[in-house]
Structure formats: structure tokens, C-alpha cells
Colleague: 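So that we are looking at the same thing, I have put the structure below in C-alpha cells.
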There are 2 protein chains.
Amino acid sequence: MLSHMTITRSTSHRQAESTSQPTPAAAFSLGSAIEMMGATVPYRRDSEIYGENEPAEYLYKVISGAVRTYKILTDGRRQIGSFCLPGDIFGLEVDDIHTFSAEAITNCKILVIKRSALVSLAGRDIAVARRLWTLPGNELQRAQEHILLLIKTAQERVVGFLIEMSARSADATEVELPMSRQDIADYLGLTIETVSRTLTRLENVGAIAIPTSRRVVLRSRGALNRLNA
Amino acid sequence: MLSHMTITRSTSHRQAESTSQPTPAAAFSLGSAIEMMGATVPYRRDSEIYGENEPAEYLYKVISGAVRTYKILTDGRRQIGSFCLPGDIFGLEVDDIHTFSAEAITNCKILVIKRSALVSLAGRDIAVARRLWTLPGNELQRAQEHILLLIKTAQERVVGFLIEMSARSADATEVELPMSRQDIADYLGLTIETVSRTLTRLENVGAIAIPTSRRVVLRSRGALNRLNA
DNA sequence: CGACCATTTGATATGGATCAAGCGATGTGG
DNA sequence: CCACATCGCTTGATCCATATCAAATGGTCG
């Protein structure tokens with residue numbers, strides 16, 4: 001059976017919705033043993049999942065909703081490291097201390113898995129071990145892509161962001177943006193105004209449509225790729 | 001004894017100095033089994049060690065000299081991903097294809113290890129496996145630091161770069177820069193002129209001294225940390 | 001000594017930041 | 001159910017940091 005952890009005691013989850021109702025049913029989706037080892041915990045919009053410098057006792061997987069990981073610099077600037085969408089795993093750290101903070105962007109459900117349980121399972125199950133193995137490498141690739149984004153012009157960054165989001169979206173031509181303009185700006189190293197202006201410019205040249213501010217239709221992939229330099 | 005590979009046949013090493021003379025003596029330094037599995041190969045300044053998109057058959061460790069890994073964007077811009085100094089391991093890839101190119105910055109000696117040999121050794125030696133394990137995670141941390149650099153002002157980037165280099169240097173107050181201003185600029189996402197100007201400004205305010213263009217003395221760590229925001 | 005290449009320095013242009021105001025959707029209290 | 005406050009987003013005007021263009025300097029090697 002499921003080995004239930006008393007995760008609500010952890011300081012890492014102090015902001016979880018008080019009406020927390022784990023949904024073990026979801027634990028059997030996706031066909032991996034990983035889903036069976038944790039509890040699904042709801043977090044409400046803008047609540048902290050964990051903080052920078054806290055010990056990294058758990059691993060997290062987005063079941064529904066969206067999460068941002070970020071750092072606050074000494075002067076108050078915020079850098080978003082990644083957006084996590086359903087299926088994404090986050091919270092894995094090299095040295096057992098979180099190097100970023102994580103917050104729920106929307107109300108969401110997160111599968112929370114104890115690291116130690118996963119490590120011991122990996123010792124028994126080579127498939128789990130292999131999958132765990134690939135996580136830092138995948139993160140590294142994303143970080144490297146992020147670096148490449150950050151040396152580009154504002155327009156290229158925004159276009160790159162849209163392409164990245166569309167690649168992660170079910171419908172490749174229509175992108176749902178769970179995050180605010182400020183979140184996008186802090187991910188791309190731009191200001192909210194520049195992000196907004198760039199999006200409207202892309203709309204004006206017919207590359208995209210913006211039916212609502214949180215929804216973008218990619219109208220011309222060719223134009224976008226051209227603008228992506 | 002050492003199992004010598006016929007590495008000079010590999011396309012990855014086509015630019016190695018023709019007067020290649022492996023130095024197996026170095027193979028016994030640092031007290032790790034890893035040193036015993038490869039051959040030390042000399043590369044001359046600006047020669048390619050491997051190219052982007054080539055299969056990643058080997059792992060590399062800098063014995064002496066310095067290496068840059070980089071990508072060329074479609075419009076010709078170059079982004080340097082990392083500088084590798086003696087002791088650094090590079091060339092590890094998630095999916096067995098190099099995502100960056102690597103070039104010798106100076107004439108240098110590189111220990112070249114066959115991946116497959118290392119993997120099989122890791123299967124037998126848990127210490128080697130553990131060490132291999134940590135590499136992607138360490139790379140990830142460096143990439144994340146790099147991201148944080150790239151969202152800062154020019155002065156903060158240059159200061160951050162100097163602090164990073166001094167942390168990797170034997171003498172914490174004096175930094176040898178094996179790379180050109182252009183290399184630094186391409187690492188920091190700035191132009192060569194901005195890097196140069198920023199360095200002279202730092203010298204003018206007394207934070208550093210620049211006895212020669214490739215040597216920087218950190219005169220006031222406090223001032224640098226302050227400028228690092 | 002002279003050519004070459006890296007670096008520095010100078011003058012100007014510009015992309016994105018900043019400061020400021022307007023707009024539209026959402027929700028709340030009267 | 002509507003008036004109003006709030007919040008997120010967009011738009012406008014101006015400023016500034018860094019890029020760009022250009023030239024001078026300096027160090028290295030033949």
C-alpha cells in the first residue's frame with residue numbers, strides 16, 4: 001500500500017491549503033512507481049512550496065497547475081529559474097539544500113515524494129534509478145537554453161519563450177500562460193513593460209494573436225522562427 | 001597497465017597537435033582511478049577539441065592550460081558556456097551528443113577518457129560512480145550562477161566574473177586570465193569594449209589593478225562585493 | 001624596425017528601462 | 001444590480017546603459 005508520510009508537519013509545507021485533501025487516486029497515473037510513493041498536496045495560488053536554503057527533503061511533481069522557481073537577489077530583483085507545468089519534476093538539488101524557492105503560480109496539486117524513499121527505491125529498481133539519473137542532466141539542458149535566451153534581444157527572448165511554451169503545450173498553436181507578465185519578465189530578464197510592448201508588436205505584425213492576455217495564438221510559426229534569430 | 005586508446009583516429013581530435021606526445025606520467029596525479037584510464041593529449045591554442053552536435057564518445061579533464069565551451073548562434077554571435085581550468089572535467093553530455101563546441105584557449109594538455117570505459121569502471125567502483133554522478137549537478141549549479149550573472153548590469157557581470165575566477169585561482173587576490181577580452185565578453189553577454197571600459201573603471205576606483213591585460217589584482221574585496229550587488 | 005593583433009579610448013546611436021498615466025477585467029460592498 | 005476599488009496589463013514620454021562605429025595605443029614576433 002501507500003506509505004503515507006506526515007508531510008503536513010514539514011515546515012516546507014506550512015503554506016499548503018488548510019483544507020488539504022490528498023488524492024491518492026492520482027498516485028496510479030502515468031505508470032511509474034514514483035507516483036505511488038508520495039501524497040498529492042494542494043497548494044493555493046502564490047503560496048510557497050519551499051524556500052531557498054531550506055533542506056531539500058522532498059521531490060515534487062506537478063499534477064495540475066503551475067509552479068515557478070526563483071531567487072531574490074540582494075537588491076530585490078527576482079530571477080525566475082523555471083516554470084513547472086503538469087508532469088514536471090522539481091526540487092531536486094545537488095547538495096540537499098534548495099538553491100531556489102518555489103511558489104504555486106495557480107492553485108495546483110503537487111505530488112510530494114520523500115527523497116530518502118525515492119533513493120532507497122532507486123537502489124532496488126534500476127528503472128527508477130535511471131530516471132532519477134537523467135533529471136539533473138535535463139535541468140542542465142534547460143538552464144543552458146535559458147542562458148542562450150538571456151543573451152538575445154527582447155524580441156528574441158519573448159519569441160523564444162513563446163516557442164518554448166508551445167513546445168510544452170498540448171496544442172502547439174495555442175499557448176495558455178498561467179503566469180503573469182511580471183513572471184515572464186523576471187524569467188526573461190526584462191521589464192513588464194518591455195514584455196507587454198513586445199507581445200503587442202508581435203501581434204501587430206501578425207505573428208501571434210492575443211485573444212486574452214493569458215492566451216496566445218501562434219499564427220505564423222515561420223515568422224516566429226525568423227524573429228527568433 | 002594503461003589501456004591505450006587510438007584516440008588520434010577520432011574525428012573529435014583531428015585538430016590535436018601533430019606532434020602529439022601522450023604523457024602517461026600525469027595519469028597518476030590526483031589520486032583517482034579516472035586518471036589511469038585515459039591518455040593525456042596536447043592541443044594547441046585555438047584548436048577544436050570537439051564540435052557541437054558531434055557524438056560525445058569521450059570525457060575530458062584539463063591537466064594544464066584552459067578551454068572554452070561555446071555555441072555559435074545562427075546570426076554569428078558566440079556564447080561561451082564555460083571556461084575550463086586545470087582539474088575541470090568537461091564534455092559530459094546527457095544524450096551522448098555534444099551540445100557545445102570546445103576549443104583550447106591556450107596550448108594545453110587534456111586527459112581524454114573513453115566514456116564507455118568510465119561507465120564500465122563506474123559499474124565496478126562505487127566511488128567513481130558517485131563522482132560521475134555529481135558532475136551534471138555541479139554543471140547545473142554553474143549554469144544557474146551563469147544565469148544570475150546575465151541578468152545583472154555590465155559592472156556586476158564583470159565583477160562577478162572576477163570573483164568567480166579568483167575563487168578558482170590558487171592566489172585569491174591575483175587572477176590570471178588565460179582568455180581574451182572577446183572571450184570574456186562572449187561569456188558575459190557584453191561587448192569587448194564594455195568589458196574593457198568596465199575593467200578600467202574598476203581600476204580607476206581602486207577596486208582592482210591591471211598590471212598586464214591578462215593579469216588582474218583584486219585590491220579591495222569589499223569594494224568588489226559591494227559592486228557585485 | 002615594422003606589421004600585426006589585442007586592447008583601450010572616444011564619439012555617437014539605440015534598445016530597453018524608468019517614470020507616469022490610462023484602460024479593462026474582476027470582484028466587493030452598498 | 002450597480003458603483004467603485006483593485007489589480008494586471010497596456011501605452012506613452014523620456015532617459016540612460018550599453019552597443020556600435022571609429023581611431024589610437026601598446027605589446028609581440030618576425
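Since we're looking at a predicted model, the values are computed, not measured. Chain letters run A, B, ... following the sequence lines, proteins first, then strands; residues in each count from 1.
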Colleague: Hey, are the side chains of A:Arg214 and A:Ser180 touching, using non-hydrogen atoms and a 4.5 Å cut-off?
Modeller: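 In short, these two side chains touch, coming nearer than 4.5 Å.
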Colleague: With sequence neighbours left out, write down each residue that passes side chain to side chain contact (heavy atoms under 4.5 Å, CB included) with B:Ile210, or none if nothing qualifies.
Modeller: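 B:Arg181, B:Leu199, B:Glu203, B:Ile208.
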Colleague: Output all residues satisfying salt bridge (Lys or Arg N to Asp or Glu O under 4.0 Å) with A:Arg78, sequence neighbours left out; order by chain, then residue number.
Modeller: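 Salt bridge (Lys or Arg N to Asp or Glu O under 4.0 Å) list for A:Arg78, sorted by chain: A:Asp183, A:Asp186.
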Colleague: Near DNA chain C, which residues from residues 173-181 of chain B have a heavy atom under 4.0 Å away?
Modeller: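 Of all residues in residues 173-181 of chain B, the ones placing a heavy atom under 4.0 Å from DNA chain C are B:Ser180, B:Arg181.
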Colleague: Identify each donor-acceptor pair in which a side-chain atom of residues 222-229 of chain A lies under 3.5 Å from a protein atom, sequence neighbours left out, and give them as a table.
Modeller:
from     : atom 1 : to       : atom 2 : distance (Å)
A:Asn225 : ND2    : A:Arg221 : O      : 3.4
A:Asn228 : ND2    : A:Glu156 : O      : 3.4

Colleague: Which residues satisfy the side chain to side chain contact (heavy atoms under 4.5 Å, CB included) test with A:Asn138, sequence neighbours excluded?
Modeller: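 Side chain to side chain contact (heavy atoms under 4.5 Å, CB included) list for A:Asn138, sorted by chain: A:Thr134, B:Val94.
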Colleague: Taking CG from A:Asp183 and P from D:dG8, how many angstroms apart are they, rounded to a whole number?
Modeller: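 It is 10 Å, rounded to the nearest whole Å.
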Colleague: Quick one: side chain to side chain contact (heavy atoms under 4.5 Å, CB included) partners of B:Val205, sequence neighbours excluded?
Modeller: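 Partners of B:Val205 under the side chain to side chain contact (heavy atoms under 4.5 Å, CB included) test: B:Ala207.
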Colleague: C:dT7 P sits how many Å from B:Ile184 CD1, rounded?
Modeller: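 Going from CD1 in B:Ile184 over to P in C:dT7 covers 8 Å.
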Colleague: If I take atom CG in residue B:Leu202 and atom P in nucleotide C:dT8, what distance separates them, rounded to the nearest angstrom?
Modeller: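 Those two atoms, CG and P, are 12 Å apart.
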Colleague: Is it the case that the side chain of A:His146 and the backbone of A:Tyr187 share a donor-acceptor pair, with hydrogens and angles ignored and the cut-off at 3.5 Å?
Modeller: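 Judged by distance alone, yes, a pair lies under 3.5 Å.
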Colleague: If a protein heavy atom is under 4.0 Å from the base, mark B; if only from the sugar-phosphate, S; if neither, -; do that for nucleotides 14-30 of chain D going 5' to 3'.
Modeller: ----SSBBB--------
Colleague: Can you pull out every ring pair (Phe, Tyr, Trp, His ring centres under 6.0 Å) where at least one residue sits in residues 204-229 of chain B? Sequence neighbours excluded, please.
Modeller: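 Every pair satisfying ring pair (Phe, Tyr, Trp, His ring centres under 6.0 Å) with a residue in residues 204-229 of chain B: there are none.
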Colleague: Excluding sequence neighbours, so at least two apart, what forms salt bridge (Lys or Arg N to Asp or Glu O under 4.0 Å) with A:Asp88?
Modeller: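 Checked A:Asp88 against salt bridge (Lys or Arg N to Asp or Glu O under 4.0 Å); matches are A:Arg168.
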Colleague: Applying side chain to side chain contact (heavy atoms under 4.5 Å, CB included), can you list everything that pairs with A:Asp96, at least two apart in sequence or on another chain?
Modeller: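 By the side chain to side chain contact (heavy atoms under 4.5 Å, CB included) rule, A:Asp96 matches A:Arg115.
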Colleague: Would you kindly give the CG-to-C1' distance between A:Asn204 and D:dT10, to the nearest whole Å?
Modeller: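 These atoms are roughly 12 Å apart.
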Colleague: Phosphate oxygens OP1/OP2 of C:dA25: is one of them under 4.0 Å from a side-chain N or O of A:Arg214?
Modeller: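 No, A:Arg214 has no side-chain N/O under 4.0 Å of OP1/OP2 on C:dA25.
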Colleague: Which sits closer to the 5' end of DNA chain C, B:Thr200 or B:Arg45, going by the nucleotide each is nearest to?
Modeller: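 Looking at DNA chain C, the more 5' nearest nucleotide goes with B:Arg45.
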Colleague: Rounded to whole Å, how long is the line connecting atom CD1 of A:Ile192 with atom C1' of C:dG16?
Modeller: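 One finds 15 Å between C1' of C:dG16 and CD1 of A:Ile192, rounded.
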Colleague: Take atom CG of A:Leu199 and atom C1' of D:dT10, then tell me their distance rounded to the nearest Å.
Modeller: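 Going from CG in A:Leu199 over to C1' in D:dT10 covers 11 Å.
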Colleague: Under the rule for salt bridge (Lys or Arg N to Asp or Glu O under 4.0 Å), what residues qualify as partners of B:Arg215, not counting sequence neighbours?
Modeller: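 B:Arg215 satisfies salt bridge (Lys or Arg N to Asp or Glu O under 4.0 Å) with B:Glu174, B:Glu176 only.
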Colleague: Taking the axis from the first five pairs and the axis from the last five, what angle separates them in the helix from C:dC1-D:dG30 to C:dG30-D:dC1, rounded to 10 degrees?
Modeller: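 Answer rounded to 10°: the end axes differ by 30°.
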Colleague: What is the distance, rounded to the nearest whole Å, between atom CG of A:Asp186 and atom C1' of D:dC9?
Modeller: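 Rounded to whole Å, this separation is 15 Å.
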